[in-house]
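What you see is a predicted model, and the numbers here were worked out from it, not measured in a lab. Any value given below was found using the heavy atoms of this structure, including those in side chains, with hydrogens, waters and symmetry copies removed.
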Amino acid sequence: MKLTRRKLFELAFGAAHLGLMTRFGLPVASAQTASGRPTKLLGIWLDGGLHWETFFSPLTRAGINKFIPTPQGGIIPVGYRPEQVENFDRSPVDLDAPGPVRKLRGPVFWNWANPADASGLNPASGNQQNFRPWGYAWANPAYRLFDKAALLVGADQNTAAHTSGIIASMCGVAGSNFRAPSVQAVIANALSRRFPDRPIPNVSLGGTLPGALGLPALANPTVLHSAASVEPTLSDKRDSAWKGLRARSDVPDVAFDGSALPGTVPATAVDAALLKALRQERGISSGGTDAMLEQLYDTYKGASRTVSRDILSVLASTPSWEKLKADPAYPVDWSACIGYADSCGTGASMGAYSFALQLLKSDLVTSVNLRASSFSNNTFDTHSANGPQMHTNHLRIALEMVGRLCLEMSLTPSRTDASRSLLDETLVYVYSDFGRTFPKQGSDHHPATCAILVGGGIQGNQMLGGYDETMNGSPMGAPVMLVEESGERVTRAPRSQDIAATVLRAFGLEPGRDFFIPGGYGVYDGVVRG
């Protein structure tokens, strides 16, 4: 069979595409080891669909006047003027500059002279709004997080439905089910050969599972909620289940088909017997049954390795927040309020950030996917009459939490490379279901979305893309420079496939060889280093 891209497209659509790629001679992914590449992924899903344009502003002066309401809201501010938009690095902002690449910028709601100010009037708003401190973590000159972050703007999700949009953000293809494996699973699989001692490569901390369609069992997501959730499933601490069964010995590693593999498996007597029994079932029934048994076989081997690592003890000795708390401006037990105290909640209520830090710092994982919200589990799935106003305020708070997480990671040394930080070796991928109709149009679902990439392998302090300001209503994305899978540089409006491909390219994965996304894709030009 002649292996063409069209043939691969036909085979991959609705099928386990990497399994087919292996069948037709394409290897399972193995990330390049180029210097500066990330070796971990942290996906942060902000639940519900976001008004990205209320925190970042890739709009021109005319676009702001056209799509963004004038400042209002007082202590619960919404809308902004062109005069409120600044580059986060405080260089001069040019709101009339042409081109699809700009420095990271947005409406500044905080008081530069006193970032903790939560009551004074903001003169840039014409004194129509009070200062709000949330979001300053991205612009704080002491840490310069903006230098490590890039915003990908205006990608078409090809959907405005929640589930379909989440899946599009994870794998690049919208739909009610995965038609390609998630970037989380692809990366977990690709790095498994380089980091065989990471016992739980793909971890889900809530939300839609990052599916591993067609990939080996090790890439399947493990669902955890906290360190306590590890104990009943991935440890042998319970006497009621494990008394007399904990003894392990290293047995030769054998593939499901009976062929020898390098290394050993730390197996109990029960493990060894079950693995042998599963191998003996091969070939008795159909090919589909064998495929299912092989997944079960590989999953069981992985579980044996995980339990033998005693990851409970590893997690217990791994701190979460430890570095940033040395700065009195960033206490661990911080809280935020809408208004003066109309509605308040803690940073800890926004998601399992502390557990995500433990997992990444412990080096037990390759990929962590985290469901996140604003305080007290306030998601962005709302259609209330004051939707844009509440979304705007909650988004600043949610992104403040994301920013603080990234600052902690930037201050934490890598366990494997003293010259790098945890943020240097981790790509943080912040995404949502879709965008929202622009504030003058309310707060409905809108297929044009954005994504934030922070940390490893990223050229920071830039926004790539924009919005088609000639449109009325809520605009779609404007053309941006992309490198197509063929290597050709083109200028076109971006799609969800392009964001997924850009995430994968940051890890050195090669299109066609290491991954395939139905429908074709490009990579945002200039965001990935090297």
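Ring geometry, Phe88 versus Phe55: the interplanar angle exceeds 60°, so the pair is classed perpendicular (tilted spans 30 to 60°). Ring geometry, His391 versus Phe380: the interplanar angle falls from 30° to 60°, so the pair is classed tilted.
Between the side chains of Thr379 and Asp381, no donor-acceptor pair is found at a separation under 3.5 Å. In this structure, a donor-acceptor pair under 3.5 Å is absent between the side chains of Ser169 and Trp45. In the model, Trp112 has a side-chain atom that pairs as donor or acceptor with a side-chain atom of Glu86 under 3.5 Å. Remark: the Asp327 side chain and the Tyr143 side chain contain an N/O donor-acceptor pair separated by less than 3.5 Å. No side-chain N or O of Gln184 forms a donor-acceptor pair with one of Asn202 less than 3.5 Å apart. There is a side-chain donor-acceptor pair under 3.5 Å between Ser443 and His51. Glu425 and Ser414 are linked by a side-chain donor-acceptor pair at a separation below 3.5 angstrom, with hydrogens and angles left out of the test. In summary, the side chains of Gln389 and Gln72 do not present any donor paired with an acceptor at a separation below 3.5 Å, with no hydrogens or angles considered. Defined by atom type and a distance below 3.5 Å, a donor-acceptor pair is present between the side-chain atoms of Asp468 and Thr470. Thr449 and Trp52 are linked by a side-chain donor-acceptor pair at a separation below 3.5 angstrom, with hydrogens and angles left out of the test. No hydrogens or angles considered: a donor-acceptor pair under 3.5 Å links the side chains of Glu469 and Thr60. For the residue pair Tyr80 and Asn122, no side-chain donor N or O sits within less than 3.5 Å of a side-chain acceptor on the partner. Between the side chains of Arg102 and Asn461, no donor-acceptor pair is found at a separation under 3.5 Å.
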**OP:** For Val85 and Val108, run side chain to side chain contact (heavy atoms under 4.5 Å, CB included): C-alpha distance rounded to whole Å, both residues' side-chain angles, the deciding distance at 0.1 Å, then the answer.
**Re:** CA-CA 6 Å; Val85 176; Val108 172; over 6 Å; no
Original post:
When you look at Trp321 and Leu405, which way does the side chain to side chain contact (heavy atoms under 4.5 Å, CB included) test go after all the steps?
Top reply: CA-CA 9 Å; Trp321 301 95; Leu405 173 80; 4.2 Å; yes
Subject >> Leu464 and Val153: CA distance, side-chain angles, deciding distance, side chain to side chain contact (heavy atoms under 4.5 Å, CB included) verdict >> reply: CA-CA 6 Å; Leu464 295 97; Val153 182; over 6 Å; no
Subject >> Verdict with reasoning, Leu205 to Arg371, per side chain to side chain contact (heavy atoms under 4.5 Å, CB included) >> reply: CA-CA 6 Å; Leu205 304 183; Arg371 176 196 173 272; over 6 Å; no
Original post:
Given Ser57 and Arg105, is the side chain to side chain donor-acceptor pair (under 3.5 Å) satisfied, shown in steps?
Top reply: CA-CA 6 Å; Ser57 186; Arg105 72 188 188 203; 5.1 Å; no
**OP:** Take Arg61 and Asp96 through the test salt bridge (charged side-chain N to carboxylate O under 4.0 Å, His left out) and record every step on the way to the result.
**Re:** CA-CA 6 Å; Arg61 183 182 309 277; Asp96 300 311; 3.6 Å; yes
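Contact of the Val523 side chain with the Asp498 side chain is not registered, since no non-hydrogen atoms from C-beta on lie closer than 4.5 Å. In this structure, the side chains of Met390 and Ile338 come closer than 4.5 Å at one or more pairs of heavy atoms. Put simply, the side chain of Tyr431 does not reach to within 4.5 Å of the side chain of Leu152, judged on heavy atoms. For the pair Arg37/Val528, a side-chain contact is recorded, criterion being any heavy-atom separation below 4.5 Å from C-beta on. Between Arg505 and Val483 there is no side-chain heavy-atom pair separated by less than 4.5 Å. A heavy-atom distance below 4.5 Å is not found between the side chains of Val183 and Met170. Two residues are said to be in side-chain contact when any heavy atoms from C-beta on lie closer than 4.5 Å; Gln497 and Asn158 fail this criterion. Between His445 and His162 there is a side-chain heavy-atom pair separated by less than 4.5 Å.
Using a 4.0 Å cut-off between a side-chain N of Lys or Arg and a carboxylate O of Asp or Glu, Lys361 and Glu322 qualify as a salt bridge. In this structure, Asp525 pairs ionically with Arg489, as a charged nitrogen and a carboxylate oxygen lie closer than 4.0 Å. We find that Glu400 and Arg404 are joined by a salt bridge, their nearest charged nitrogen and carboxylate oxygen being less than 4.0 Å apart. The pair Arg132-Asp117 fails the salt-bridge criterion, with no side-chain N (NZ, NE, NH1 or NH2) lying under 4.0 Å from an Asp/Glu carboxylate O. Using a cut-off of 4.0 Å between Lys/Arg side-chain N and Asp/Glu carboxylate O, Arg436 and Asp444 are scored as not salt-bridged.
Side-chain N or O atoms of Ser229 include one that pairs as donor or acceptor with a backbone N or O of Ser226 at under 3.5 Å. Put simply, the side chain of Asn140 never gets that close to the backbone of Ala137: no donor and acceptor are under 3.5 Å apart. Checked by atom type and distance alone, the side chain of Asp433 never pairs as donor or acceptor with a backbone atom of Thr163 at under 3.5 Å.
Across all non-hydrogen atoms, the minimal contact from Ile68 to Lys440 is O-CE, 3.4 Å. The shortest non-hydrogen separation linking Ala180 to Cys171 is O-CB, 3.5 Å. Taking each heavy atom of Leu315 and Gln358 in turn, the nearest pair found is O-NE2, 3.0 Å. For the pair Leu42 and Ala356, the tightest heavy-atom approach, listed with the atom from each and the gap, is CD1-CB, 4.4 Å. The shortest non-hydrogen separation linking Val314 to Ser362 is CG1-CB, 3.9 Å. The two atoms that bring Val203 and Ile200 nearest to each other are CG2-O, 3.6 Å, heavy atoms only.
Within the model, atoms CG of Asn369 and OG of Ser182 stand 7.5 Å from one another, a figure rounded to the nearest 0.5 Å. Rounded to the nearest 0.5 Å, atoms CZ (Phe507) and OG1 (Thr366) are 8.5 Å apart. Rounding to the nearest 0.5 Å gives a distance of 8.5 Å between OG of Ser410 and CG of Asp424. For the atom pair Thr222 OG1 and Leu224 CG, the distance stands at 6.5 Å (nearest 0.5 Å). Note that the SG atom of Cys406 and the CG atom of Leu423 stand 5.5 Å from one another [nearest 0.5 Å]. To the nearest 0.5 Å, atom CH2 of residue Trp110 and atom CZ of residue Phe131 are 11.5 Å apart.
Taking the six-membered ring where the residue is Trp, the centroids of Phe355 and Tyr353 are separated by 6.0 Å or more. A distance below 6.0 Å separates the ring centres of Phe438 and Tyr467. Ring to ring, Trp334 and Trp134 are close: their centroids are under 6.0 angstrom apart.
The cationic atom of Arg396 (NZ for Lys, CZ for Arg) lies less than 6.0 Å from the six-membered ring centre of Phe109 and within 45° of the ring axis.
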